[in-house]
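Report on the structure given below.
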Amino acid sequence: MFPISTRVAGVTFDNPDGTPRQPHVKRVKPGDTIELRREPDNGFDANAIAVSWRDEAGELRSLGYVPRALAAVLAPLADEGMPLRGRAVRAAKVPRRGHWAPLVWGLRIEVDADGWTARPALRSGLEPAIARALAEDEATPDPGYAPSLGGSRAADLSANDEW
């Protein structure tokens, strides 16, 4: 269960300042450090956990969010001071929902559970909640976005592949 592997939600949306996320998502490489930051004042979700990445120049780039169901499980832990860390697993072009929809860049990350795993009682309670959250996210993905980066074609792509 740990680390927690999940997709990044909202990669197809623009940031509040109007800058697109897609150009940055496609530049993320496997193993890159991902910054996870709580946004308790987020107008869409009080449990929001923003996903960001530092580019080659050291600029922090917003990539999206931890999926809503998983954020609901992790946010209370983060609010208690548990560290949220992540790393990129894979960026790839993936199909959107819909037969003729264009491909978009998607991103999978691993959320590290440092500090959580050292507390067996907390870990045993978290594992079922995280499993339910990941299943819920898989069943109700972002509108217009692929539910995962799996699949026959997406799994074969690296961040440098172009179709």
Side-chain angles (χ1 to χ4, degrees), residues 1-79 81-97 101-117 130 133-134 137-138 141-151 153-163:
M1 180 60 63
F2 296 101
I4 304 159
S5 178
T6 187
R7 68 181 176 86
V8 176
V11 295
T12 60
F13 294 99
D14 289 345
N15 292 310
D17 66 2
T19 59
R21 295 176 181 157
Q22 284 285 290
H24 305 299
V25 170
K26 77 179 192 176
R27 293 177 24 226
V28 176
K29 305 286 186 260
D32 283 356
T33 298
I34 297 297
E35 296 187 24
L36 302 168
R37 178 181 35 83
R38 277 283 287 125
E39 287 186 357
D41 297 327
N42 183 295
F44 295 102
D45 182 4
N47 292 315
I49 300 173
V51 175
S52 302
W53 164 79
R54 291 203 181 270
D55 67 13
E56 301 81 3
E59 296 287 325
L60 191 62
R61 304 296 182 173
S62 176
L63 304 175
Y65 289 87
V66 169
R68 185 181 300 255
L70 182 57
V73 175
L74 298 179
L77 299 172
D79 293 344
M82 296 278 187
L84 290 175
R85 291 187 200 90
R87 81 182 138 275
V89 174
R90 178 172 70 242
K93 282 190 173 177
V94 296
R96 295 178 81 152
R97 291 214 179 269
L103 298 173
V104 297
W105 282 92
L107 178 64
R108 283 200 76 77
I109 62 171
E110 287 183 343
V111 177
D112 290 327
D114 294 347
W116 311 343
T117 56
I130 289 169
L134 294 173
D137 178 57
E138 188 72 21
D142 287 18
Y145 179 66
S148 72
L149 293 182
R153 295 206 54 177
D156 297 333
L157 297 176
S158 74
N160 296 320
D161 288 333
E162 294 289 339
W163 284 4

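Everything numeric in this text was worked out from a predicted model, so none of it was measured. Residue numbers run from 1 in the order of the sequence given.
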*Asp14 versus Pro20: any side-chain heavy-atom pair under 4.5 Å?*
yes

*asked:* Could you check whether any side-chain N or O of Arg90 sits under 3.5 Å from a backbone N or O of Leu107, counting only pairs where one atom can act as donor and the other as acceptor?
replied: no

_Closer than 4.0 angstrom, basic N to acidic O: yes or no for Glu39 and Arg37?_
yes

*Any side-chain heavy atom of Leu36 sitting closer than 4.5 Å to one from Val51?*
yes

*Go through the side-chain N and O atoms of His24 and Arg27 and say whether any donor and acceptor fall under 3.5 Å apart.*
yes

*Stepwise, does the side-chain contact (heavy atoms from CB on, under 4.5 Å) test hold for Arg54 with Thr33?*
CA-CA 8 Å; Arg54 291 203 181 270; Thr33 298; over 6 Å; no

_Working to the nearest 0.5 angstrom, can you tell me the gap between Arg87 CZ and Ser5 OG?_
10.0 Å

*Asn15 side chain vs Gly18 backbone, donor-acceptor pair below 3.5 Å*: no

*Below 4.5 Å, heavy atoms only, C-beta onward: do Leu70 and Ile49 meet side chain to side chain?*
no

*Side chains of Val104 and Gln22: does their closest heavy-atom pair fall under 4.5 Å?*
yes

*Check each of Ile109, Asp112, Leu74, Val73 against Ile4 using the side chain to side chain contact (heavy atoms under 4.5 Å, CB included) test, and report the only one that passes.*
Leu74

*asked:* Does any part of the side chain of Arg21, heavy atoms only, come nearer than 4.5 Å to the side chain of Thr12, both counted from C-beta?
replied: no

*Would you say Tyr65 and Asn42 make side-chain contact, with heavy atoms under 4.5 Å?*
yes

_Test item: Val8 and Ile34 side chains (from C-beta on) under 4.5 Å apart, heavy atoms_ = no

*Output yes when a side-chain donor or acceptor of Asp17 lies under 3.5 Å from a complementary backbone atom of Thr19, and no otherwise.*
yes

*Minimum heavy-atom separation for Val11 to Trp105, with atom names?*
CG2-O, 3.3 Å

*asked:* On a heavy-atom basis, which atom in Ala71 and which in Pro76 lie closest, and how many Å separate them?
replied: O-CD, 4.4 Å

*For Ser52 against Leu60, the heavy-atom pair lying closest together*: CB-CD1, 3.6 Å

*Grab the two heavy atoms, one from Asn47 and one from Arg38, that are nearest each other, plus how far apart they are.*
C-NH1, 3.2 Å

